[in-house]
Engineer: 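The structure under discussion is supplied below as structure tokens; questions concerning it will follow.
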Amino acid sequence: MRPGTLKQILLITDGCSNHGENPIAMAALAKEQGITVNVIGVMENDVIDEYGMREIEGIASQGGGVSQVVYAQSLSQTVQMVTRKAMTQTLQGVVNQELKQILGSEVTMENLPPDKRGEVLEVVDELNETVNLEILILVDTSLSMKHKLPTVKEALLDLSLSLNARTGNNQFSLFVFPGKRKDVEKLLDWTPKLESLTTVFNKLTPRGMTPTGPAIKEAIKHFGKKRSLKGLLSGDHDEEFYEESI
Amino acid sequence: MIMMKSFTKSQFNIKYGTIIQGKWHQNSYKVIRELGSGANGTVYLVDFNGNKAALKISFEPMTVTSEVNVLKSFSKAQGVTLGPSLLDVDDWVIGTQQYSFYVMEYVEGVHLIPFIRKNGMTWLPILILQLLKDLGDLHKQGWVFGDLKPDNLIVAGPPIKIRCIDVGGTTPIGRAIKEYTEFFDRGYWGLGSRKSEPSYDLFAIGMIMINSCYPQRFLKKEGGIQQLTQAIDASQELRKYKSVLIKALTGKYQTADAMRKDLLKILNGQTVSDQKRTVRRRSYNYNQTRQRKSRRSWVMGVIETILIFILISLLYVYYILGNIF
Ligand SMILES: Nc1ncnc2c1ncn2[C@@H]1O[C@H](COP(=O)(O)OP(=O)(O)O)[C@@H](O)[C@H]1O
Ligand SMILES: [Mg+2]
């Protein structure tokens, strides 16, 4: 199996969106284009209300990803766990698709006999280690997030430590919402080094609204920009592989 | 029969006497009691034809598959005594639901920290020596244990023997570490990568020793080796092993065996040097001075002989001249 590129949006927020498009619909739009949306809800002393919880779970399930609500202090471990889990989930989806093609419509990993399942998992593990990953991080910088931002920064540095231990390539990009003038603002363009976020992160000023939907919409476009630029340069269409199979 | 205990962390709650029957191999296991649970599943003590065994069941079928893959390759590789032996792997169907499980050897004993609290600190270095031996074998087979921590260590016996359970984090050398716990992860402390290599496990061993003297653990403040050194210095017990601990925590050991040897030295009352090279240079210098010394005494000897020879010749000349006149 050829390793392609996995595309993920990692949304870090502490509550409900209150501006612009419906974020769950935007997550659906992302998934249609082969981009997985993962959501992490950060609590401090406050709790996230019922409505916020439902939105967080809704975005992730619609976006084919994983969600988790945590207290700020366990953010680091959660961010890397959610990312890895979502990668595995997507890769398993790809492998299941292949199995169906080879063995018939009803066959998935889960209903193979345990021995065969073990062999298939080795393939998934191998892909997990070697696949290229593009991950766009979307950080909610509304006022309520103010005290949590240093922890978010730590967690993102920690994420790059985990992902950079893999053999596969990583590309990171960082957006925050709301931005200075617009709903969303790009802080970091695609880069293999997430460490460079430290300087930009320290200058952030949290403000008003929570336009989660528009942020996801903008994030999707940014994947597009990268692909077309790359396509122009190399004519490489390998990356389409996972989109079709999901 | 099965209930979600909490909203975020889903756990099993299977009652005493429940029969878990596998769909593929048809073996039946009677649940005796829960042994424990963690992030990946719940482990039950079960009865299988009158024998005790441990059964791990999970909501994630791939977690079971992944751990079974590791345990299987252990049983293939001879000499690896780490981890419980694997007995069965299957799926349990109840109603419309299906859960994967595997059955392994029941490791009867207590966790590391309660064991030390009960039996005393003397046991700590001994158990660590045992663990380093097994880890060395594991590394030679191409694996890194990964999620090494007191929760995943059971002291069995007598005879007292430390055993690793929970191979959920076990990773082939060279890949990214699959699973870890922050306090025992060198990445968290800013002291290394999350690539699986033997030194990753040896760092965790150092932290296990620290945890044994700080059962409540502690949070990262400034992190790095400074904070950990302070913790070592503040503990009378840990200070004894300071040289080994610092080397393990800063990734100076390439093999479990090297760390084991240093620990043994301390237990035998010898000192451990920081670096191998100084030892070698020092002994080289020592040889050189000794050589120089012996050469000097040789030169002195020659001079002595010549002086005596000249003196005797002079006396002889004096004697002859005295006879003539
Ligand atoms: N083979 C075994 N024998 C005895 N107790 C076990 C065994 N395996 C697991 N346990 C107990 O169950 C607990 C949880 O199991 P573990 O495999 O560590 O789960 P998790 O992967 O979720 O952390 C362990 O801490 C231990 O107390
Ligand atoms: Mg465990």
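Because the structure is predicted, anything quoted here is derived from the model rather than measured. Lettering follows sequence order; numbering is per chain, from 1.
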Engineer: Within a 6.0 Å radius of atom CD on A/Glu195, are there more than 12 heavy atoms belonging to other residues, nucleotides or ligands?
Structural biologist: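 It does: A/Glu195 CD has more than 12 such atoms within range.
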
Engineer: Counting heavy atoms not belonging to A/His147, are there more than 12 under 6.0 Å from its NE2?
Structural biologist: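 It does not: A/His147 NE2 has 12 such atoms or fewer within range.
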
Engineer: Nearest 0.5 Å, what's the CD-CD distance between B/Glu182 and A/Gln73?
Structural biologist: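 One finds 10.5 Å between CD of B/Glu182 and CD of A/Gln73.
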
Engineer: Does A/Glu129 reach the main-chain N or O of B/Ala176 with its side chain, forming a donor-acceptor pair under 3.5 Å?
Structural biologist: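 Yes, because the side chain of A/Glu129 sits within donor-acceptor range (under 3.5 Å) of the backbone of B/Ala176.
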
Engineer: Check the surroundings of atom CD1 in A/Ile102: do more than 12 heavy atoms from other residues, nucleotides or ligands lie under 6.0 Å from it?
Structural biologist: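 Counting other residues, nucleotides and ligands, CD1 of A/Ile102 exceeds 12 neighbours.
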
Engineer: Just wondering, more than 12 heavy atoms not from A/Lys146 lying within 6.0 Å of its NZ?
Structural biologist: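 No, NZ of A/Lys146 has 12 or fewer neighbouring heavy atoms, counting only those of other groups under 6.0 Å.
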
Engineer: Tell me the closest heavy-atom pair linking A/Pro114 and B/Asp90, and the distance in Å.
Structural biologist: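 Closest approach of A/Pro114 to B/Asp90, heavy atoms only: CG-CA, 4.3 Å.
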
Engineer: Closest approach of A/Thr167 and B/Lys195, non-hydrogen atoms and distance?
Structural biologist: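 So the minimum-distance heavy-atom pair works out to N-NZ, 4.5 Å.
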
Engineer: Is it the side chain or the backbone of A/Arg117 that comes within 4.5 Å of chain B heavy atoms, both, or neither?
Structural biologist: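 Both parts, backbone and side chain.
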
Engineer: Would you mind checking if A/Glu126 and B/Arg175 are paired as a salt bridge, meaning a charged N to carboxylate O distance below 4.0 Å?
Structural biologist: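 Here B/Arg175 pairs with A/Glu126 in a salt bridge, since their nearest N and O are under 4.0 Å apart.
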
Engineer: Working to the nearest 0.5 Å, report the span between CG of A/Leu161 and OG of B/Ser193.
Structural biologist: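 With rounding to 0.5 Å, CG (A/Leu161) is 7.0 Å from OG (B/Ser193).
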
Engineer: For A/Asp125, which atoms come within 4.5 Å of any heavy atom of chain B: side chain, backbone, both, or neither?
Structural biologist: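 Contact with chain B involves both backbone and side-chain atoms of A/Asp125.
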
Engineer: Report which part of B/Ser100 has an atom under 4.5 Å of a heavy atom belonging to chain A: side chain, backbone, both, or neither.
Structural biologist: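 For B/Ser100, the contact with chain A is made by the side chain alone.
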
Engineer: Quick one: of B/Asp185, B/Val68, B/Asp91, B/Ile177, who has the most non-hydrogen atom pairs under 4.5 Å with chain A?
Structural biologist: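 Winner by heavy-atom pair count: B/Asp91.
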
Engineer: Does any backbone or side-chain atom of B/Tyr102 lie under 4.5 Å from a heavy atom of chain A? Answer side chain, backbone, both or neither.
Structural biologist: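 Nothing of B/Tyr102, per the 4.5 Å heavy-atom cut-off to chain A.
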
Engineer: Side chain to side chain contact (heavy atoms under 4.5 Å, CB included) between A/Thr88 and B/Met62: does it pass, once the steps are laid out?
Structural biologist: CA-CA 10 Å; A/Thr88 308; B/Met62 288 310 142; 5.8 Å; no

Engineer: Does any heavy atom of chain A fall under 4.5 Å from the side chain of B/Val89, the backbone, both, or neither of them?
Structural biologist: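 For B/Val89, the contact with chain A is made by backbone and side chain together.
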
Engineer: Working to the nearest 0.5 angstrom, can you tell me the gap between A/Asp115 CG and B/Trp24 CH2?
Structural biologist: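 Taking CG in A/Asp115 and CH2 in B/Trp24, the distance rounds to 10.0 Å.
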
Engineer: Take a 6.0 Å sphere around NZ of B/Lys72 and say whether it holds more than 12 heavy atoms from other residues, nucleotides or ligands.
Structural biologist: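 Buried by this count: over 12 neighbours within 6.0 Å.
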
Engineer: Side chain from CB out, backbone as N, CA, C, O: work out which of these in B/Glu179 comes under 4.5 Å of a heavy atom of chain A, or both, or neither.
Structural biologist: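 No part of B/Glu179 comes within 4.5 Å of chain A.
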
Engineer: In terms of heavy-atom contacts, does NZ of A/Lys193 have more than 12 from other residues, nucleotides or ligands at under 6.0 Å?
Structural biologist: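 Result for NZ/A/Lys193: open.
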
Engineer: For A/Ser76, is it the side chain, the backbone, both or neither that has a heavy atom under 4.5 Å from a heavy atom of chain B?
Structural biologist: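 Its backbone and side chain both get close to chain B.
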
Engineer: Answer yes or no: are there more than 12 heavy-atom neighbours, outside B/Glu222 itself, under 6.0 Å from its atom CD?
Structural biologist: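 Result for CD/B/Glu222: enclosed.
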
Engineer: What part of A/Met109 lies closer than 4.5 angstrom to a heavy atom of chain B: side chain, backbone, both or neither?
Structural biologist: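 Looking at A/Met109, backbone and side chain both touch chain B.
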
Engineer: Checking heavy atoms, do the side chain of A/Lys85, its backbone, both or neither come under 4.5 Å from chain B?
Structural biologist: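 Contact with chain B: side chain only.
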
Engineer: If I compare all heavy atoms of B/Gln98 with all of A/Glu110, which pair ends up nearest, and what's the gap?
Structural biologist: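 Nearest heavy atoms, B/Gln98 then A/Glu110: NE2-O, 3.6 Å.
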
Engineer: Side chain of B/Arg194, backbone of A/Asp158: donor and acceptor closer than 3.5 Å?
Structural biologist: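 The answer is yes, because a donor-acceptor pair under 3.5 Å joins these two groups.
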
Engineer: When heavy-atom pairs shorter than 4.5 Å are enumerated against chain B, which of A/Leu121, A/Leu157, A/Leu163, A/Asn128 gives the highest number?
Structural biologist: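 Looking at each option in turn, the highest pair count goes to A/Leu121.
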
Engineer: Which atom pair, heavy atoms only, marks the closest approach of A/Ser162 to B/Tyr180?
Structural biologist: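 Scanning both residues, the minimum pair turns out to be OG-OH, 3.8 Å.
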
